[in-house]
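These notes are about the structure you will find just below.
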Number of protein chains: 2
Amino acid sequence: MALNTQFSIAVHLLVGLGCVEGGTTTSGHLAESVNTSASFVRRTLAKLSKAGLVETTTGKSGACGLAKKPERISLLEVYRAVDAPEAFAIHAYAPQKVCAVSCNIKAALENVLAKTQQGMEASLSKITLADVIADVRR
Amino acid sequence: MALNTQFSIAVHLLVGLGCVEGGTTTSGHLAESVNTSASFVRRTLAKLSKAGLVETTTGKSGACGLAKKPERISLLEVYRAVDAPEAFAIHAYAPQKVCAVSCNIKAALENVLAKTQQGMEASLSKITLADVIADVRR
DNA sequence: GATTCTGTTACGATTATTGTAACAATTAAA
DNA sequence: TTTAATTGTTACAATAATCGTAACAGAATC
């Protein structure tokens, strides 16, 4: 499997929960649909649960379901819930004192990252889970 | 070093080239400023060169310099030149025929990725290398 | 009390990225 | 003409991050 697919899988899981008969199912069934391990599903669901996007019940006949209507879940919330990686990473380095670029580039790159991140997040905030579900059903 | 720092390093290199006395320098000097290997610098510079952002001369007293004025280099060009990873990756999986979500989610996720990518790239396109250089000099 | 879930942790396998080294090609300088 | 210094490229090892697997505690139903 490719790397950094947490967000993608999280959306898949939520769409699954939004489409399933009765509105709830188990991590095992979700894992089949996503084709990954039940354990990874549970780890991801736990994050979504902590973020208030998913409700779970433990114990026998425990299950997972959406905590909110799909119309009220934006993909930005999902992105943040699974703490997916940022738009890009800034390289670590020991600034060379004699080099102005080396000393100041980090702050400048952080500005660039902030703007890039904002652009990406603005797009994510405009898409709701309901949009994705509608797209899947069509 | 953290992963996926290609874009960040590429910007660092270009800022270095934009600031250096005389406008040109060698991969060895750049590597010192970035604190990475000269070889990785050369690989990255080669991509930037193929994209027309950097000019290089080989041979003894070979060197690298910006191919265009910093005002005319957008960070989107840099991003594309180093083929940095996309905003997120879509997980690979074998669609389960009985599951509508599993069958259709991929296309829906591709739509999401396209929009997210657009948001990110729009932000990058608005920042020029000159902006970053000004930020470093300040 | 047994069963069947979730939540969590630990650890190994896998994969992608980065570092290192080597060498050919190129050009200036000696 | 030879030498030296540089880029461009490749191959491979080292490193780091992600993902899969397994195990187990806690919880709730049967």
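Per chain, numbering begins at 1; letters A, B, ... match sequence-line order.
- Position along DNA chain C of the nearest nucleotide to P85(B) versus S37(B) favours P85(B) as the more 5'-ward residue.
- For H91(A), the ring-ring contact (aromatic ring centres under 6.0 Å, His included) criterion is met by Y93(A), H12(B), not counting sequence neighbours.
- Summarising the geometry of A31(B) relative to S37(B), their closest heavy-atom pair is CB-C, 4.0 Å, with the distance given to 0.1 Å.
- DNA chain D lies under 4.0 Å from at least one heavy atom of each of the following residues of residues 38-70 of chain A: S39(A), F40(A), R42(A), R43(A), T58(A), G59(A), K60(A), S61(A).
- Residues passing the salt bridge (charged side-chain N to carboxylate O under 4.0 Å, His left out) test with K115(A): none are found, sequence neighbours excluded.
- Applying the side-chain hydrogen bond (donor to acceptor under 3.5 Å, both in side chains) definition to pairs two or more places apart or across chains, those involving residues 49-74 of chain A are K68(A)-E77(A).
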Validation: residues 100-107 of chain B side-chain donor-acceptor distances under 3.5 Å, sequence neighbours left out:
residue	atom	partner	partner atom	Å
S102(B)	OG	S33(A)	O	3.2
S102(B)	OG	Q96(B)	N	2.9
N104(B)	ND2	V136(A)	O	3.0
N104(B)	ND2	A100(B)	O	3.4

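- Looking at Q6(A), its side chain never comes within 3.5 Å of a backbone N or O of A84(A) through a donor-acceptor pair.
- Between P85(A) and Y79(A), the shortest heavy-atom contact is O-OH, 2.8 Å.
- For the pair L66(A) and L53(A), the minimum side-chain heavy-atom distance is 4.5 Å or more.
- Taking atom NE2 of H29(A) as the reference point, atom P of dT4(C) lies 13 Å away to the nearest angstrom.
- Taken residue by residue, residues 4-19 of chain B places heavy atoms nearer than 4.0 Å to DNA chain C at N4(B), T5(B), Q6(B).
- Looking at every heavy atom in both residues, A87(A) comes nearest to Q117(A) through N-OE1, 3.0 Å.
- Of the residues in residues 75-83 of chain A, none has a non-hydrogen atom less than 4.0 angstrom from any atom of DNA chain C.
- A81(A) and K47(A) make their closest contact through O-CB, 3.7 Å (heavy atoms, listed as atom of the first residue, atom of the second, distance).
- Axis orientation changes by 0° from one end of the helix from dG1(C)-dC30(D) to dA30(C)-dT1(D) to the other, with each end axis drawn from 5 pairs and the value rounded to 10°.
- T26(A) comes within 4.0 angstrom of sugar-phosphate atoms only, judged by non-hydrogen atoms across all strands, and of no base.
- Atom CZ in F88(B) sits about 16 Å away from atom P in dT18(D), given to the nearest Å.
- For residues 116-138 of chain B, the salt bridge (Lys or Arg N to Asp or Glu O under 4.0 Å) pairs, not counting sequence neighbours, are R80(B)-E121(B), D135(B)-R138(B).
- T25(B) pairs by the side chain to side chain contact (heavy atoms under 4.5 Å, CB included) definition with L17(B), V20(B), H29(B), L30(B), not counting sequence neighbours.
- Here A46(B) pairs with nothing under the side chain to side chain contact (heavy atoms under 4.5 Å, CB included) rule; sequence neighbours left out.
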